[in-house]
Amino acid sequence: MLTTSNPPDNSSNIDVLIVGAGFGGLYALHKMRECGFTARVLEAGDDVGGTWYWNRYPGCRCDVESIHYSYQFDEDLQQEWVWSERYATQPELLSYIQHVADRFDLRKDITFNTRVTAATWQEDKACWQVETESGETVRAKYCIMATGPLSVPNMPDFPGLDSFTGDTYHTGLWPHEGVDFTGKRVAIIGTGSSAIQSIPLIAEQADQLTVFQRTANYAVPAANRPMNPGELEAVKAEYAELRTRGKNFPTAIPVTPSGPSALAVSDEERERVFEEWWQDKGLMFQAAFADLLFVDEANDAVSDFVRGKIRSIVEDSSVAEILVPKNPFGCKRMCVDTDYYKTFNRDNVSLVNVKDTPIDRIVPGGVLVGGTTYEADAVIFATGYDAMTGALSKMHICGRDGLVLTDKWHEGPSSFLGLTVHGFPNMFTINGPGSPSALVNMVTGCEHHVEWIADCLTHLRDTGSAAIEAEKPAEEAWVEHSREVGNASLRSACDSWYLGANIPGKPRVFMPYLGGFPAYAEKCDSVAKDGYSGFAIT
Ligand code: NAP
C-alpha cells in the first residue's frame with residue numbers, strides 16, 4: 001500500500017493510477033484488477049465515498065431512487081444489499097460504498113489522505129507522473145481521473161468573511177461529527193438542492209433561520225418513504241432486466257413519460273398528469289411529458305403548475321412571490337424537497353431576496369444586505385460547486401508538448417466523449433465534461449465509463465500499444481455535436497452550474513452531454529467497435 005510515510009519504490013510499475021475513491025474510482029479499481037492490471041487509488045479524504053463522504057449536511061440524501069442509484073456490476077451485491085428507504089440517506093449511501101470497498105477488498109490499494117496536485121505526461125516513457133500534496137511521486141501508464149463533477153465547493157468571496165465571529169460551514173464540507181444548531185440564529189446562503197434539503201431540518205432545530213435567496217429554484221416533493229414490504233424483493237426478482245431496461249432511457253432511469261407532449265392533451269388531462277406525477281415521482285416529475293424541457297409552451301405549462309403549487313403552500317403571499325421561480329422549469333437542475341416550501345410558514349424562518357440587492361458583506365455579527373444586518377451565530381454556505389471542471393482544473397495537469405489542461409480549456413472544456421482529451425494521452429475522465437454525467441443516473445454513468453476504459457486498455461494491451469489519444473478532429477466534432485444537442489434543450493436557457501455561470505469568470509459552455517444515455521452509449525460503443533475511431537493509437 002502507498003502511504004505518505006512510506007512512498008513506494010516500484011511506483012513506475014503501476015498500470016493504472018486512479019484519482020478519487022467515490023463511486024467511479026472504486027469500480028475502476030475493481031475492474032482494472034479484474035482485467036489483470038495493477039491499479040492504485042489516491043484519495044484526498046480519509047475514507048471512501050466521494051460525494052457521500054464529504055456531503056453530510058442535515059437532510060442529505062440522493063434524489064435518485066436507491067434501487068437505481070447503486071452498482072449493477074455484481075449480481076450478488078445487488079441481490080444482498082437491503083435499502084431501507086426509497087431514497088437513501090447520506091449515511092446509508094456511505095455505508096453501502098464502505099461495504100463495497102470491503103466486499104471487494106479494495107482498501108489495500110487505496111491511499112487515503114492524499115491529494116493529487118499535479119500529473120505530467122512523460123512522452124519518452126509513455127506514462128504519467130503524478131504528484132501529491134505530501135510530495136510523493138507515482139508513475140503509471142494510464143491515469144483515470146475519477147474526481148467527481150461536483151467535488152470542489154464554491155465559496156463566494158464575500159468581503160468581511162474573516163471578521164465573522166460565529167461558525168461558518170459549507171454544505172459540501174460538513175463536519176463529520178455533525179452540528180447542533182439548538183438555540184442558534186442561523187443564516188443560510190443559497191437555495192439549490194443542498195439548501196433545499198437542509199433548510200427544513202435546520203429550521204426545526206435552530207432558534208431562527210434566515211434564508212438568503214438569489215435565484216428561486218423549482219423543487220418538487222421527494223415522496224420519500226420506507227421501502228414497502230415486498231417492494232425490494234419484487235425488484236430483485238427482475239433486477240438484471242430492470243437495469244438493462246434503464247439504459248434505454250435518456251436519464252438511464254426507467255421512467256416512461258405519460259405522453260410525448262404536454263400540448264397534445266386537454267388542459268384537464270395535463271393538470272391531472274402533473275398532479276399525479278407531483279405526488280409520487282420526485283425528480284422524475286420532469287419526465288411527466290417528453291417535451292417539458294424542449295418546447296417553450298410545454299415548459300410554460302409545467303412551470304406554471306409548480307408556481308401554483310408554491311403559491312398554494314406558502315401562506316404569506318409576498319414570501320411566496322419571492323419563492324416562485326422566474327426561470328423556465330429545469331434550466332437549473334430541479335431540486336427535490338421534503339417540506340421545503342412549508343418551512344417558510346414557520347415563525348422562526350425568514351427569507352431575504354438578494355437578487356436585486358446582493359449581499360454587501362459578512363459582518364462580525366451576521367450578514368449585511370442593503371444596509372440591514374441579519375444577525376447570525378452561524379452562516380451556512382450552500383453555494384454549490386465549481387462543477388465538472390473544478391477538480392481537474394485544481395490539479396496541474398500537463399500533457400503532451402507541455403500543454404496544460406487549464407490553458408487548453410481557457411475558453412471552456414473540450415473533450416472526445418467526455419472521456420478523453422486531445423493532447424493528454426492515456427488519461428481518462430469519469431463523468432468528465434462532454435459526457436452525460438450529472439444529467440443521468442451517476443452510478444450507471446460511472447460503470448459505463450469504467451467498462452469502456454477497461455475494454456480500451458485491454459485492447460491496447462492485446463495489440464501491444466503504448467498510448468491512446470483523442471484526435472483533434474474527433475474532439476472538435478464531439479464538442480460541436482454536444483453544443484448542437486445542448487442548444488435544442490431549454491436546460492441551457494438560464495444561468496446555471498451546467499454552464500459554469502455560478503463561478504465568476506468561468507467560460508460559459510454547457511458542460512454535460514445532453515443527448516441522453518442511449519445515444520451516448522451507442523456512440524461510445526461504435527467508436528470502440530470501429531477499432532477506436534477518432535483516436536490515435538501508438
Ligand atoms: P447549487 O445548485 O449550485 O446552488 C447554489 C446556491 O447558492 C444557488 O442558490 C446560488 O444562487 C447560491 N449562491 C451562489 N453564490 C451566491 C452568492 N454570491 N450570493 C448569493 N447566493 C449565491 O449547489 P447545490 O445546492 O450544492 O447543488 C449542486 C448540485 O449538486 C445539484 O444541482 C445536484 O446536481 C447535486 N446535488 C444533488 C443532491 C441530491 O441528490 N439530492 C443534493 C445536493 C446536491 P444562484 O442560483 O443565483 O447562482
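Numbering of ligands and ligand atoms starts at 1, following listing order.
For ligand 1 and Pro156, the ligand atoms under 4.0 Å from any heavy atom of the residue are 15 (N), 18 (N). Near Gly190, the atoms of ligand 1 lying under 4.0 angstrom from a non-hydrogen atom of the residue are 6 (C), 7 (O), 9 (O), 12 (C). In the vicinity of Leu150, heavy-atom distances shorter than 4.0 Å reach the ligand 1 atoms 29 (C), 30 (O), 34 (O), 35 (C). Listed by number with element, the atoms of ligand 1 under 4.0 Å from a non-hydrogen atom of Arg61 are 39 (C), 40 (O), 41 (N). The contact set between ligand 1 and Thr191, taken as ligand atoms under 4.0 Å from a residue heavy atom, comprises 6 (C), 8 (C), 9 (O). Which parts of ligand 1 touch Lys332 is read off a 4.0 Å heavy-atom cut-off, strictly below it: atoms 45 (P), 46 (O), 48 (O). Remark: ligand 1 atoms within the under-4.0 Å shell around heavy atoms of Tyr57 are 42 (C), 43 (C). Atoms of ligand 1 found under 4.0 Å from any heavy atom of Ile189 (numbered from 1 in listed order, with element): 20 (C), 21 (N).
When each of Val324, Val314, Val349 is paired with Val319, the side chain to side chain contact (heavy atoms under 4.5 Å, CB included) condition holds for Val314 and for no other. None of Glu231, Glu85, Glu65 except one satisfies the salt bridge (Lys or Arg N to Asp or Glu O under 4.0 Å) rule with Arg225; the exception is Glu231.
Between Phe158 and ligand 1 there is a heavy-atom distance shorter than 4.0 Å. Not a single heavy atom of Gln213 sits closer than 4.0 Å to an atom of ligand 1. Heavy atoms of Cys62 come nearer than 4.0 angstrom to ligand 1 in at least one pair. For Trp497, the closest heavy-atom approach to ligand 1 falls below 4.0 Å.
Ring-centre distance between His481 and Trp478: below the 6.0 Å cut-off. For His170 and Phe381, the distance between ring centers is not under 6.0 angstrom. Separation of the Phe329 and Phe305 ring centroids does not fall under the 6.0 Å cut-off. A ring-centre distance under 6.0 Å is found for Tyr71 and Phe23. Two rings, from His448 and Tyr520, have their centers less than 6.0 Å apart. Aromatic rings from Tyr169 and Trp174 are positioned such that their centres are separated by under 6.0 Å.
Residue-to-ligand polar distances place Ser194 within reach of ligand 1: an N/O pair is separated by less than 3.5 Å. Where the criterion is an N or O separation shorter than 3.5 Å, residue side chain and backbone included, Trp52 fails it with respect to ligand 1.
Side chains of Glu451 and Tyr27: a donor on one and an acceptor on the other come within 3.5 Å.
No part of Ala387 comes within 4.0 Å of ligand 1, judged by heavy-atom distances.
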